[in-house]
Undergrad: 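This is the structure, below, for whatever I ask next.
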Amino acid sequence: MTDNNTPTNFIRQIIEEDLASGKHSSIRTRFPPEPNGYLHIGHAKSIVLNFGVAEDYKGQCNLRFDDTNPHKEDEEYVEAIKDDVRWLGYNWAGQYFASDYFEQLCGFAVELIRNGKAYVCDLNADQVREYRGTLTEPGRDSPYRERSVEENLDLFQRMRAGEFEDGARTLRVKIDMAAPNMNLRDPAIYRIRRGVVHHQTGDAWSIYPMYDFTHPISDALEGITHSLCTLEFEDHRPLYDWILDNISTPCHPRQIEFARLNLEYTIMSKRKLTQLVAEEHVEGWDDPRMPTIAGLRRRGYTSAAIRDFCNRIGVTKSDGTVEMSVLEASIREDLDRTAPRRMAVLDPLRVVITNYPEDQEETLVGPNHPKDESMDSRELKFSRELWIDRADFREEANKKYKRLVTGGEVRLRNAYTIICNKVIKDVSGEIKELHCSYDPHTLGRNPEGRKLRGVIHWVSALAAVPAQVRLYDRLFTVPVPDGIKDKPFQEFLNPDSLKVVQAMLEPSLADARPGERFQFEREGYFCRDDKAADKLVFNRIVSLRDSWGKG
RNA sequence: UGGGGCGUGGCCAAGUGGUUAAGGCACCGGACUUUGACUCCGGCAUCGCAGGUUCGAAUCCUGCCGCCCCAGCCA
């Protein structure tokens, strides 16, 4: 869809300059998720950036799993991540794991030790914190900072061999304990983690490298030219560069930071999304209310719409929070063009056409798309008894109300016009059904001398197919759920984020394939749920724009 | 009170000293309409603030103000 008009942003400008100056003859990027959770729309921004840039400048983009912390990671996530990236429409040039480089990483660590630039430190975590100083005070050198190369080599080898307990020692890089940038105060590059099973390397290692050490080296080994990451890593760039400047790698990628995505009425923190799942506020990572790729996919979003969204929001260094309406506009624009139209009554109210023969049923046709004839048409069954939506009838209303009122006439979409003659209520006063009469001369043309109030959708009661329809609303009640001081984000969960209704659908919908999308006219876009494939269940992707009552 | 960033209309975002400050979303008018949809027309900012440089500044300089990130053996 609107993957057209290529975006322009500061990162693309840098790339263009690098290409023009000959600094690089081709570019290579990478998307480097940690496999500790599912991908969300914020990752999509990074994916579209990294893969998009590679595509547009005839370069390559790798998929790399940043799996240096076996504690939090799992194979389940690597498979899910691959699924999501593929679904978004991208193919990676190479698939790697940071753990592929563990042996080489270790070699570079030894190189640093040999050059006197790394040392084994026996301080425990608390002590390291004390020695590090604070934001305003410099730190102090570790008492182990000046160990001999031989001792460091020996100790590091024994760390690797599993001789020491978790937390007993770390390998630290020797930079500057008084650096104003905390990341430069002799950061640890290796920690001991014995007895954990790594999803890729099993129990082969008892030491694991840290992100700050692993990332620049992984980038360099893969020949990454532009290493794109989010703003919080800005302070890490000096360390990224220090690592590459102090070991013998083939190249020195440039790290460039951009702002992560924030979306109103949802949260993007992997940790918090994990909580939503664990605390069962949602049905799982693919709950249609989740901002995860899996959730959006199940909700019925198209990957084209998500790509379009990512291009619409742009890439900058200023953090902001994007309104939901932008995402919604992307999916509406896609589906308006591509989704076949259908009629579905979400809150059924019986209508009896009293002047229509009791045993008669006729077949009408409805175009699948009002503007695209190539999409063909489908059959509609018309009969004496119909369903219309309760919201489409009022006993009385002013002329602003363009629906059915007693004594008023409306068009049944793709069919005849009807006038409501009588309202039947039960003892409690609730409307049970409507008695209407139709005008047999209004098929395909308007009555003369009478003005119609409007057009409403309907379904033949005889042919209707019942189905469950799930109506989704925003997951939270406030724009920034995790931005309110002293209040956990769970307090702002929207109790009405899911409403389940029993609807009556036009018969052709019974054949909908799981995952197939439609526009239910005057209601919104819906997608047949593919998890409940044995039952007829539709998810509302997004409602139609509704300007009623706005002016 | 240390360091690193950011500040263009309600929300994103172009703009890199020289037209009336792009565009999208939202919003407000209006046209069209067998979807209160779509489409189409029209409307909607002087660029955080204050000084300065310049013939000319959102773009350069200075000083304020505001917001974000950093004290994991997480990424």
Side-chain angles (χ1 to χ4, degrees), chain A residues 2 5 7-9 13 32-34 36 66-69 71-73 121 123-125 128-129 132-139 166-172 179-185 187-193 207-208 210-212 214-215 229-238 257 259 264 270-271 311-330 332-333 336-337 341 343 366 369-371 400-403 410-415 417 442 444-446 452 454-457 479 519-524 543-551:
Chain A
T2 43
N5 50 62
T8 160
N9 58 55
Q13 285 181 18
E34 181 185 16
N36 67 343
D66 237 322
D67 57 345
T68 55
N69 185 358
H71 232 78
K72 301 201 280 184
E73 299 155 5
C121 180
L123 258 24
N124 65 34
V128 167
R129 195 173 309 121
R132 185 158 32 227
T134 68
L135 293 178
T136 51
E137 305 158 38
D166 285 12
R169 294 179 219 265
T170 54
L171 181 67
R172 294 225 256 165
N181 180 345
M182 303 293 283
N183 294 298
L184 266 20
R185 322 249 260 227
I189 59 171
Y190 267 94
R191 75 284 216 178
I192 300 171
R193 289 287 177 275
I207 55 172
Y208 288 91
M210 303 282 289
Y211 165 88
D212 283 316
T214 309
H215 210 85
C229 63
T230 42
L231 249 30
E232 67 270 26
F233 292 103
E234 239 163 351
D235 286 345
H236 295 239
R237 190 177 350 118
E257 311 84 12
E264 284 191 346
K270 235 193 241 180
R271 200 195 94 238
N311 287 139
R312 287 189 193 208
I313 58 174
V315 176
T316 67
K317 289 174 77 78
S318 65
D319 26 34
T321 304
V322 177
E323 291 176 347
M324 256 316 170
S325 63
V326 183
L327 217 208
E328 294 175 343
S330 288
R332 286 194 185 113
E333 184 180 310
D336 175 53
R337 252 190 27 260
R341 311 289 128 122
M343 290 197 284
H369 191 105
K371 291 184 174 174
K400 289 283 229 177
Y401 186 75
K402 297 164 66 176
R403 310 179 188 185
V410 296
R411 153 87 52 196
L412 292 176
R413 167 125 254 230
N414 296 130
T417 67
T442 55
R445 70 171 172 223
N446 283 143
L452 301 175
V455 181
I456 64 173
H457 60 285
Q519 184 196 93
F520 290 177
E521 289 188 294
R522 303 210 309 130
E523 292 288 357
S543 65
L544 251 30
R545 247 181 107 242
D546 181 11
S547 59
W548 189 31
K550 277 186 176 167

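Note that the structure is predicted; figures quoted are calculated from it, not measured. Chain naming here is simple, since letters A, B, ... match the order of the sequence lines and numbering starts at 1 in each.
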Undergrad: Taking any heavy-atom pair under 4.0 Å as a contact, classify Tyr401(A): base, sugar-phosphate, or nothing.
TA: base
Undergrad: For C61(B) versus C69(B), give the span between their P atoms, rounded off to a whole number of Å.
TA: 27 Å
Undergrad: Quick one: Leu544(A) CG to G36(B) C1', roughly how many Å, whole number?
TA: 10 Å
Undergrad: Salt bridge between Asp336(A) and Arg341(A), side-chain N to carboxylate O under 4.0 Å?
TA: yes
Undergrad: Just to be sure I understand the rule, does Ser318(A) reach a base, reach only the sugar-phosphate, or reach nothing, if contact means heavy atoms closer than 4.0 Å?
TA: sugar-phosphate
Undergrad: Report yes if some heavy atom in the side chain of Ile456(A) is under 4.5 Å from a heavy atom in the side chain of Leu412(A); otherwise report no.
TA: yes
Undergrad: When only distance counts, do a donor and an acceptor, one from the side chain of Gln13(A) and one from the base of U16(B), lie under 3.5 Å apart?
TA: yes
Undergrad: Taking only the side-chain nitrogens and oxygens of Thr316(A), find out if one of them lies under 4.0 Å from OP1 or OP2 of C6(B).
TA: no
Undergrad: Using a cut-off of strictly less than 4.0 Å, decide whether Arg312(A) has a side-chain nitrogen or oxygen near OP1 or OP2 of A26(B).
TA: no
Undergrad: With distance as the sole criterion, do the side chain of His236(A) and the base of A75(B) form a donor-acceptor contact below 3.5 Å?
TA: yes
Undergrad: Rounded off to whole Å, could you give me the CG-to-C1' distance for the Asn183(A) and G5(B) pair?
TA: 14 Å
Undergrad: Within 90° of 0 counts as syn, otherwise anti: where does G7(B) fall?
TA: anti
Undergrad: When all nucleic acid strands are considered with a 4.0 Å heavy-atom cut-off, which category describes Met343(A): base, sugar-phosphate, or nothing?
TA: nothing
Undergrad: Taking any heavy-atom pair under 4.0 Å as a contact, classify Val315(A): base, sugar-phosphate, or nothing.
TA: sugar-phosphate
Undergrad: Contact class for Ser325(A) (heavy atom, under 4.0 Å): base, sugar-phosphate, or nothing?
TA: sugar-phosphate
Undergrad: Could you tell me how far apart Glu523(A) (CD) and C38(B) (P) are, to the nearest whole angstrom?
TA: 15 Å
Undergrad: Please classify the nucleic acid contact of Thr417(A) as base, sugar-phosphate, or nothing, using heavy-atom distances under 4.0 Å.
TA: nothing
Undergrad: If A57(B) has a Watson-Crick or G-U wobble mate with both distances under 3.5 Å, name it; if not, just say none.
TA: none
Undergrad: Within the 4.0 Å heavy-atom criterion, would you say Gly320(A) contacts the bases, only the backbone, or no part of the nucleic acid?
TA: sugar-phosphate
Undergrad: Of the nucleotides C74(B), C25(B), G2(B), which one has an atom closest to the side chain of Val326(A)?
TA: C25(B)
Undergrad: Counting just side-chain N and O atoms, does Arg132(A) come under 4.0 Å of either OP1 or OP2 of C73(B)?
TA: yes
Undergrad: G36(B), G4(B), A26(B): which one has an atom nearest the side-chain heavy atoms of Arg545(A)?
TA: A26(B)
Undergrad: Between Arg185(A) and A71(B), is there a contact of a side-chain N or O with OP1 or OP2 at under 4.0 Å?
TA: no
Undergrad: When the C1' atoms of C47(B) and A21(B) are considered, how many whole Å apart are they?
TA: 8 Å
Undergrad: For Arg172(A), answer base if it contacts any base atom (sugar-phosphate contacts may also be present), sugar-phosphate if it contacts only those atoms, and nothing otherwise; contact means non-hydrogen atoms under 4.0 Å.
TA: nothing
Undergrad: If you compare every side-chain N and O of Ser547(A) against the phosphate oxygens of A37(B) (OP1, OP2), does one of them come in below 4.0 Å?
TA: yes
Undergrad: Report yes if a donor N or O on one partner sits less than 3.5 Å from an acceptor N or O on the other, where the partners are the side chain of Lys317(A) and the base of C6(B); otherwise report no.
TA: no
Undergrad: Measure CD1/Ile189(A) against C1'/C74(B) and give the value in whole Å, please.
TA: 16 Å
Undergrad: I want to verify a distance call: between C11(B), C12(B), C73(B), whose nearest atom is closest to the Ile313(A) side chain?
TA: C12(B)
Undergrad: Looking at every strand, decide which applies to Pro370(A) at a 4.0 Å heavy-atom threshold: base, sugar-phosphate, or nothing.
TA: base
Undergrad: Is there a salt bridge (Lys or Arg N to Asp or Glu O under 4.0 Å) between Glu234(A) and Lys317(A)? Walk through the geometry before answering.
TA: CA-CA 10 Å; Glu234(A) 239 163 351; Lys317(A) 289 174 77 78; 2.7 Å; yes
Undergrad: Checking contacts here: which listed nucleotide (A75(B), G36(B), U34(B)) is nearest the side-chain heavy atoms of Arg411(A)?
TA: U34(B)
Undergrad: Classify the side chain of Arg522(A) and the base of U35(B) as holding, or not holding, a donor-acceptor pair under 3.5 Å.
TA: no
Undergrad: NA contact type, Lys72(A), heavy-atom cut-off 4.0 Å: base, sugar-phosphate, or nothing?
TA: base
Undergrad: Under 3.5 Å, is there an N or O donor on one side and an acceptor on the other linking the side chain of Glu323(A) and the base of G10(B)?
TA: yes
Undergrad: Counting heavy atoms from C-beta on, name the nucleotide in G3(B), A75(B), U35(B) closest to the side chain of Tyr211(A).
TA: A75(B)
Undergrad: Are any of Arg403(A)'s side-chain N or O atoms less than 4.0 Å away from OP1 or OP2 of U35(B)?
TA: no
Undergrad: Counting distance alone, no hydrogens or angles: does the base of G72(B) have a donor or acceptor under 3.5 Å from a partner atom on the side chain of Arg129(A)?
TA: no
Undergrad: Name the nucleic acid region contacted by Gln519(A), choosing base, sugar-phosphate or nothing; use a 4.0 angstrom heavy-atom cut-off, strictly under.
TA: base
Undergrad: Look at all strands and tell whether Tyr208(A) reaches a base, only sugar-phosphate, or nothing, counting heavy atoms closer than 4.0 Å.
TA: nothing
Undergrad: Could you label the plane-to-plane angle of the Phe233(A) and Tyr211(A) rings as parallel, tilted or perpendicular, counting under 30° as parallel and over 60° as perpendicular?
TA: tilted
Undergrad: Thr321(A) side chain N/O closer than 4.0 Å to the phosphate oxygens (OP1, OP2) of C11(B)?
TA: no
Undergrad: Tell me what Gly444(A) touches on the nucleic acid: a base, only sugar-phosphate, or nothing, going by heavy atoms under 4.0 Å.
TA: base
Undergrad: Starting at CZ of Arg337(A) and ending at P of U39(B), how long is that distance when rounded to a whole Å?
TA: 11 Å
Undergrad: Is Asn414(A) touching bases, backbone alone, or none of the nucleic acid, heavy atoms closer than 4.0 Å?
TA: base
Undergrad: Do the side chain of Asn181(A) and the base of G4(B) come within less than 3.5 angstrom through a donor-acceptor pair of N or O atoms?
TA: no
Undergrad: Side chain of Asp235(A) only, heavy atoms from C-beta on: which candidate in A75(B), U35(B), C70(B) is closest?
TA: C70(B)
Undergrad: Side chain of Pro180(A): nearest nucleotide among A14(B), G2(B), C73(B)?
TA: G2(B)
